[in-house]
Amino acid sequence: MKRYQPYIQPYLSAFLLGPLLMITEVIGEVMLPKMMALIINHGIAQRDNRYIFMMGIAMAATSLVMALGGIGGAYFSSKASICFTSDLRQDLFAKVQKFSFKNIDDFSTGSLVTRLTNDIQQVQNVVMMGLRMMFRAPGMMIGALIMAFMMNPRLAVIILVVIPLLTLAIVIILRTAFPRFQVMQKAIDTLNNGIQEALTNVRVIKSFVREDYEEEKFCRANGQLKEASMGALNIVIMTMPVMMLAMNITTLAVVWYGGNIIIAGEMQVGDLTAFTTYIVQILMSLMMLSMVFLQSSRAMASVKRINEVMDVEIDLTDEYSAQKEKKVTEGRVEFKDVCFSYQSSSSGSDGKKENNLVLEHLNFTALPGQTIGIIGATGSGKTSLVQLIPRLYDVSSGQVLVDGVDVREYSLQNLRNGVGMVLQKNVLFSGSIEENLRWGKEEASMEEIYAVAESAQADGFIRAFSKNYATEMGQGGSNVSGGQKQRLCIARVLLKRPKILILDDSTSAVDTATEARIRECFGTVLKGTTKLIIAQRISSVEDADQILVLDDGKISAMGTHQELLNTCEAYQEIYYSQRDREKEVSA
């Protein structure tokens with residue numbers, strides 16, 4: 001509970017006022033049956049209209065106070081629970097934002113969405129219900145028990161037999177429900193994952209005519225959620241009938257036994273009426289408590305899932321960075337005997353398999369302002385290499401140096417402010433084109449935005465839109481082509497003016513002429529910037545100061561375009577195969 005105290009403290013008054021105001025309802029509910037008994041025993045029996053009138057006014061006043069207390073209690077309980085979970089959701093989202101790529105890999109997107117929405121909502125529901133019932137249910141049960149024993153101890157013994165039996169039934173129900181709620185929440189994760197994937201990739205689904213397959217896949221996930229929900233809610237369904245059966249049997253026993261006492265002249269009719277009401281109140285309070293515990297059982301499954309996110313140890317932090325104030329000023333990049341693995345070590349027959357190494361013993365230097373080309377087959381480690389520079393992952397061994405300083409010595413903010421990346425998967429966000437470009441520099445003037453868009457060969461197609469730079473982007477940039485999306489992402493990073501620019505195959509969807517013009521702008525707009533360009537086409541990197549040829553996580557060759565053509569067989573094979581292909585296309 002210590003974890004959740006900071007979320008309670010700012011709203012402590014609401015957390016206290018909610019339950020306290022509900023006590024007024026408890027007092028009223030305990031008093032009203034006794035007042036009714038007095039009306040029956042004295043007012044009606046003695047035909048005293050004045051007594052009936054005065055007691056009626058007292059009951060009306062009590063009901064009014066109860067209503068005001070109930071409204072106030074409900075208001076403060078709602079305020080406390082909503083504010084509590086709002087702050088919790090904010091911190092949970094902030095924690096996810098701090099996740100490294102490795103941390104993100106441990107959770108599915110759908111699971112994180114469920115935890116931020118459905119699981120938080122379950123906690124909100126149980127906090128609200130708990131605050132409203134915290135004093136009301138126990139207070140009503142205790143008050144009604146006291147009044148019942150005061151009226152007739154012999155008759156009240158019946159309820160003492162029923163309460164332990166009901167308590168045992170509730171405990172059994174709760175113990176059965178908890179694991180089923182956990183299964184249900186996991187089923188919601190699976191469904192959310194499927195929905196997110198299907199909606200994000202709806203164009204691919206339609207192009208391959210896979211709607212029927214996706215519908216079947218969704219039907220399976222939806223069916224699993226239905227079965228898990230029914231399995232959990234069947235327990236909830238049992239609760240109410242069990243409680244109502246116990247209430248009706250107990251009421252019947254009280255009326256039968258109490259009727260005999262009245263016939264014997266040992267009890268008045270009004271007292272039996274009030275006593276029956278108190279029995280119902282006792283059983284209703286037990287029912288309310290059982291529902292609170294049942295909802296708590298589901299909420300505890302959600303709390304466990306929330307805690308799993310909150311307890312994640314962020315593996316990439318700058319907590320122990322020695323030079324947090326240092327900024328990237330030159331753009332010099334150096335790899336010293338760098339090895340990297342996405343996974344921990346596992347047994348194997350050779351070193352590579354044993355350590356799951358994606359990159360092995362890389363050594364190279366990129367001087368400020370130089371352009372470094374990186375080519376290699378799919379899976380050779382090109383993207384993994386460049387992700388180590390802004391510390392999206394940390395090296396397993398060796399060092400990555402920027403301006404002569406280990407990247408782990410920088411603060412993450414200062415390091416990443418000095419590095420601009422256009423990732424392999426281009427991402428645009430909801431909002432206008434202008435808003436997307438301002439991710440590079442929020443306070444940029446429109447003249448700066450126009451300039452970088454022109455440099456990235458994006459200004460022409462942007463102005464072709466009716467609203468040009470105010471054009472709203474579809475989800476993920478769905479209303480622009482792949483090449484247009486790439487050029488917008490390049491313009492965005494150009495606006496940032498980084499000291500180190502990383503382009504991860506980011507011109508693959510544009511034609512060679514447009515790509516050549518984009519490369520020309522790098523020589524003027526980013527003249528002093530160190531550029532690392534991953535490419536599949538040799539034409540994209542042949543003008544680079546240095547080209548790295550990666551093969552299975554190792555640098556198999558390094559040099560200029562001409563040097564590699566003269567000395568590297570793998571490079572020659574790629575170059576001539578691409579040249580022949582271009583000739584075939586042009587022919």
Side-chain angles (χ1 to χ4, degrees), residues 1 4 7-8 11-33 62-63 65-85 88 119-148 159 162-164 166-175 177-178 181 232-233 235-244 246-247 250 277-303:
M1 286 303 295
Y4 297 99
Y7 304 106
I8 296 173
Y11 315 106
L12 187 59
S13 58
F15 272 91
L16 294 175
L17 284 171
L20 288 173
L21 286 171
M22 297 306 294
I23 293 177
T24 58
E25 281 198 335
V26 174
I27 295 171
E29 285 175 342
V30 172
M31 289 173 59
L32 286 175
T62 302
S63 299
V65 173
M66 286 174 61
L68 293 174
I71 292 170
Y75 169 77
F76 285 110
S77 297
S78 299
K79 179 181 178 181
S81 61
I82 291 170
C83 293
F84 169 87
T85 49
L88 177 60
D119 286 319
I120 293 286
Q121 188 62 45
Q122 296 306 321
V123 174
Q124 179 178 308
N125 291 343
V126 81
V127 171
M128 185 183 298
M129 183 182 288
L131 290 174
R132 297 182 71 173
M133 302 299 177
M134 183 186 297
F135 293 147
R136 192 175 190 275
M140 188 166 69
M141 185 171 68
I142 294 169
L145 267 174
I146 292 171
M147 295 299 292
I159 197 64
V162 176
I163 289 175
L166 278 177
T167 303
L168 178 62
I170 291 169
V171 170
I172 292 171
I173 289 171
L174 291 176
R175 292 190 66 178
F178 181 74
F181 283 132
L233 295 178
I235 303 299
V236 179
I237 292 167
M238 289 174 56
T239 307
M240 188 63 71
V242 168
M243 297 298 295
M244 292 303 296
M247 183 186 298
T250 305
T277 305
Y278 287 132
I279 294 298
V280 172
Q281 286 181 355
I282 291 167
L283 295 175
M284 284 296 293
S285 64
L286 271 175
M287 191 182 299
M288 287 189 285
L289 285 172
S290 70
M291 293 308 296
V292 170
F293 288 134
L294 197 60
Q295 288 296 324
S296 297
S297 177
R298 183 174 183 181
M300 286 306 296
S302 293
V303 166

With sequence neighbours left out, the residues meeting side-chain hydrogen bond (donor to acceptor under 3.5 Å, both in side chains) with Ser81 are none
For Val26 and Met140, the nearest pair of non-hydrogen atoms, with its separation, is CG1-N, 3.5 Å
Heavy-atom nearest pair, Gly18 first then Ser77, reads CA-OG, 3.7 Å
By side-chain hydrogen bond (donor to acceptor under 3.5 Å, both in side chains), Arg132 pairs with (sequence neighbours left out) none
Distance-only polar pair, side chains of Ser302 and Gln122, donor-acceptor under 3.5 Å:
no
When rounded to the nearest 0.5 Å, the distance separating CZ of Arg136 from CG of Leu21 is 13.0 Å
Closest heavy-atom pair, Val126 versus Ala299, reported as atoms and distance to 0.1 Å, is CG1-CB, 3.4 Å
When rounded to the nearest 0.5 Å, the distance separating CD1 of Ile71 from CD of Glu25 is 9.0 Å
Across all chains, not counting sequence neighbours, the side chain to side chain contact (heavy atoms under 4.5 Å, CB included) partners of Tyr11 are Phe15, Cys83, Asp87
Of all heavy-atom pairs linking Ala14 and Ala80, the shortest is CB-CB, 3.9 Å
Closest non-hydrogen contact found for Val30 with Ala144 is CG2-N, 4.2 Å
CG (Asn125) and CD1 (Ile120) are apart, to the nearest 0.5 Å, by 11.5 Å
Is any side-chain heavy atom of Val123 less than 4.5 Å from a side-chain heavy atom of Phe84? yes
Separation between CD (Glu29) and CD1 (Ile27), nearest 0.5 Å, reads 11.0 Å
Ile282 side chain reached by Met141 side chain, heavy atoms, under 4.5 Å: yes
Between Ile82 and Thr85 the two heavy atoms that sit nearest each other are O-OG1, 3.3 Å
For this session: Would you indicate whether the side-chain heavy atoms of Thr24 and Leu68 approach each other to under 4.5 Å?
Result: no
Discussion item. When you compare the side chain of Tyr4 with that of Val303, does any pair of heavy atoms fall below 4.5 Å?
Written reply: yes
